[in-house]
Amino acid sequence: MLARKSIIPEEYVLARIAAENLRKPRIRDRLPKARFIAKSGACNLAHKNIREQGRFLQDIFTTLVDLKWRHTLVIFTMSFLCSWLLFAIMWWLVAFAHGDIYAYMEKGGMEKSALESTVCVTNVRSFTSAFLFSIEVQVTIGFGGRMMTEECPLAITVLILQNIVGLIINAVMLGCIFMKTAQAHRRAETLIFSRHAVIAVRNGKLCFMFRVGDLRKSMIISASVRIQVVRKTTTPEGEVVPIHQLDIPVDNPIESNNIFLVAPLIICHVIDKRSPLYDISATDLANQDLEVIVILEGVVETTGITTQARTSYIAEEIQWGHRFVSIVTEEEGVYSVDYSKFGNTMKVAAPRCSARELDEKPSILIQTLQKSELSHQNSLRKRNSMRRNNSMRRNNSIRRNNSSLIVPKVQFMTPEGNQNTSES
């Protein structure tokens with residue numbers, strides 16, 4: 001604006017803008033890493049170039065259930081409207097073929113009872129009345145203004161056909177809506193996983209751990225947890241496998257491999273020779289292109305439907321040398337769970353090497369624990385010294401305050417020469 005009014009020369013303005021652009025560092029936003037399973041459990045996969053679209057129509061019920069709610073409601077409304085219109089056309093054609101419409105137009109002095117005994121459907125004078133009669137037949141309203149007679153066997157056939165079609169539409173659409181409201185993944189919304197996974201030492205072994213919990217009081221029966229590692233690998237022949245899945249075992253002392261999910265649990269995987277994390281150290285973890293997928297399956301206690309909850313952890317979401325804090329306490333004979341600390345972790349002593357190196361050199365773990373103990377003792381000493389210093393400072397400040405509150409003594413001289421001492 002100023003340059004256009006010739007208050008500041010245009011060359012100076014352009015040079016200043018160029019200098020400001022050079023000073024500002026250009027930081028490109030880091031693209032989010034692609035993952036197969038989102039944190040919410042949804043599959044992050046796009047299907048493209050599907051040529052055989054007719055396969056979805058062969059399983060029409062599953063297709064209707066998988067549709068979004070707005071599409072389901074549109075199909076629900078249009079199915080009824082189309083059936084009403086289709087049978088309204090048929091009822092109008094029956095009345096037109098039988099001559100009922102002309103009879104109502106030219107009834108003249110004919111009595112009403114005599115006219116109604118000769119028509120197929122009473123009071124069907126136009127397409128609008130035929131449409132209203134079609135709605136009354138399919139939804140069994142029966143206002144009494146329009147009804148069938150015994151004059152037309154064809155009309156009886158249309159009535160039977162419309163009733164059958166209406167029952168089929170009701171069964172399919174109501175079943176579809178019921179299945180959408182009672183889908184198994186709705187129950188999975190209250191099954192939660194920790195935001196991060198941790199790697200720490202447990203029972204002398206490096207372990208991969210995460211926490212899972214259920215927010216509802218109704219339990220998940222026969223709950224089981226499966227863990228898979230998905231990574232991109234290349235075979236010795238040069239074939240690139242973009243989604244190479246590896247099952248990793250879960251450390252569960254129960255032989256049935258089921259968990260009792262009455263309270264949040266920490267699921268543990270021991271990193272041993274069978275684990276794909278065996279050769280990964282703390283420094284290598286940040287550069288690894290892997291994703292740990294967690295699948296929790298079980299039967300809903302109230303409905304008996306099998307449900308499945310999923311999540312995943314990429315390398316940036318795995319914290320090395322951390323442990324989950326305890327959230328279950330006993331209060332007045334009742335176990336209490338504090339879900340505000342569900343995903344909280346704390347730092348613990350853990351070797352930064354891989355599990356393979358730890359198995360080959362067990363002394364690394366001992367040295368790590370000794371260093372942790374020494375650092376813990378030093379921190380305790382510093383804390384105790386700080387407490388002593390604070391207490392000494394507090395005592396000194398109290399003494400100064402007390403000394404300032406001492407009342408000075410004042411001496412008065414009397415004419416007789418006696419000294420009277422008083423306190424003011």
- Can you list the steps and then say if Ser354 with Ile280 is a side chain to side chain contact (heavy atoms under 4.5 Å, CB included)? CA-CA 5 Å; Ser354 62; Ile280 298 177; 5.7 Å; no
- Item | pair Leu64-Thr72: side-chain heavy atoms closer than 4.5 Å | no
- Task: Please lay out, stage by stage, how Phe210 and Ile227 fare under the test side chain to side chain contact (heavy atoms under 4.5 Å, CB included).
- Result: CA-CA 11 Å; Phe210 60 92; Ile227 307 177; 3.6 Å; yes
- Note on the structure: Scanning both residues in full, the closest heavy-atom pair of Val201 with Ala349 reads CG2-O, 4.4 Å
- Item | Side-chain donor-acceptor contact under 3.5 Å, Ser312 with Glu291 | yes
- Query: Rounded to the nearest 0.5 Å, what separation is found between the SG atom of Cys120 and the CG atom of Leu154?
  - Reply: 7.5 Å
- Note on the structure: Rounded to the nearest 0.5 angstrom, the CE-CZ distance for Met346 and Arg323 is 5.5 Å
- Message: Has Trp92 got a side-chain atom pairing as donor or acceptor with Ser129's backbone, closer than 3.5 angstrom?
- Response: no
- Task: For Phe96, look at atom CZ and say whether over 12 heavy atoms of other residues, nucleotides or ligands are found less than 6.0 Å away.
- Result: no
- Query: Does the side chain of Ile271 reach to within under 4.5 Å of the side chain of Ile199, using non-hydrogen atoms?
  - Reply: yes
- Task: Sort out for me which residue in Val165, Ile135, Leu159, Val137 forms a side chain to side chain contact (heavy atoms under 4.5 Å, CB included) with Phe87.
- Result: Val165
- What closest approach, in Å, do Val300 and Thr307 show between heavy atoms, and which atom pair accounts for it? CG2-CG2, 3.8 Å
- Derivation and outcome, side chain to side chain contact (heavy atoms under 4.5 Å, CB included), residues Thr157 and Leu161: CA-CA 6 Å; Thr157 305; Leu161 182 61; 5.6 Å; no
- For Tyr339, look at atom OH and say whether over 12 heavy atoms of other residues, nucleotides or ligands are found less than 6.0 Å away. yes
- Task: Would you please say whether a donor-acceptor pair under 3.5 Å links the side chains of Glu357 and Ser281?
- Result: no
- Task: Could you check if a side-chain atom of Tyr278 sits within less than 4.5 angstrom of a side-chain atom of Asp359, using non-hydrogen atoms only?
- Result: yes
- Task: Working to the nearest 0.5 Å, report the span between CZ of Arg216 and CG of Leu191.
- Result: 9.5 Å
- Task: Please determine if Asp247 and Arg274 form a salt bridge, counting it only when a charged side-chain N lies under 4.0 Å from a carboxylate O.
- Result: no
- Query: So do the side chains of Arg187 and Ile305 get within less than 4.5 Å of each other, counting heavy atoms only?
  - Reply: no
- Message: Less than 3.5 Å apart, any donor N or O on the side chain of Ser275 or His269 sitting next to an acceptor on the other?
- Response: yes
- Message: Are Val262 and Tyr335 packed together at the side-chain level, in the sense that at least one heavy-atom pair is separated by less than 4.5 angstrom?
- Response: no
- Side-chain heavy atoms of Trp320 within contact of Leu206, under 4.5 Å: yes
- Taking everything shown except Arg211 itself, do over 12 heavy atoms lie less than 6.0 Å from its CZ? yes
- Could you check Trp91 against Leu132 for side chain to side chain contact (heavy atoms under 4.5 Å, CB included), going step by step and ending with a plain yes or no? CA-CA 10 Å; Trp91 287 117; Leu132 292 175; over 6 Å; no
- Message: Check whether His71 reaches the backbone of Trp69 with its side chain - one donor and one acceptor, N or O, closer than 3.5 Å.
- Response: no
- Query: Does atom NZ of Lys39 have more than 12 heavy-atom neighbours, drawn from other residues, nucleotides or ligands, at distances under 6.0 Å?
  - Reply: yes
- Ring geometry between Phe208 and Tyr313 (parallel below 30°, tilted from 30 to 60°, perpendicular above 60°): perpendicular
- Task: Looking only at non-hydrogen atoms, find the nearest pair between Gly298 and Ile220 and report the distance.
- Result: CA-CG2, 3.5 Å
- Message: With rounding to the nearest 0.5 angstrom, report the CD1 to CG distance, Ile192 to Leu215.
- Response: 4.0 Å
- Ignoring hydrogens and angles, tell me if any N or O in the side chain of Thr77 forms a donor-acceptor pair with the backbone of Leu73 under 3.5 Å. yes
- Task: Kindly compute the distance separating CZ (Phe36) from CZ (Arg231), expressed to the nearest 0.5 Å.
- Result: 12.5 Å
- Query: Do you know which two heavy atoms are closest between Ile259 and Val225, and how far apart they sit?
  - Reply: CD1-CG2, 3.6 Å
- Distance-minimising heavy-atom pair for Ser79 and Met173: OG-CG, 4.1 Å
- Rounded to the nearest 0.5 Å, how far apart are CG of Leu246 and CG of Leu290? 10.5 Å
- Message: Is it the case that the side chain of Lys180 and the backbone of Leu67 share a donor-acceptor pair, with hydrogens and angles ignored and the cut-off at 3.5 Å?
- Response: yes
- Item | Carboxylate-amine/guanidinium contact Glu317 Arg35, below 4.0 Å | yes
- Would you say the side-chain atoms of Gln288 pair up with the backbone N or O of Ala315, donor to acceptor, closer than 3.5 Å? no
- Taking C-beta and beyond as the side chain, do Val212 and Leu261 meet within less than 4.5 Å on heavy atoms? yes
- Query: Is the CD atom of Glu150 crowded by more than 12 outside heavy atoms at less than 6.0 Å?
  - Reply: no
- Query: Which heavy atom in Ile318 sits nearest to a heavy atom in Ile314, and how many Å separate them?
  - Reply: CG1-O, 3.4 Å
- Message: Quick check: do Ile293 and Gln245 have side-chain heavy atoms less than 4.5 Å from each other?
- Response: no
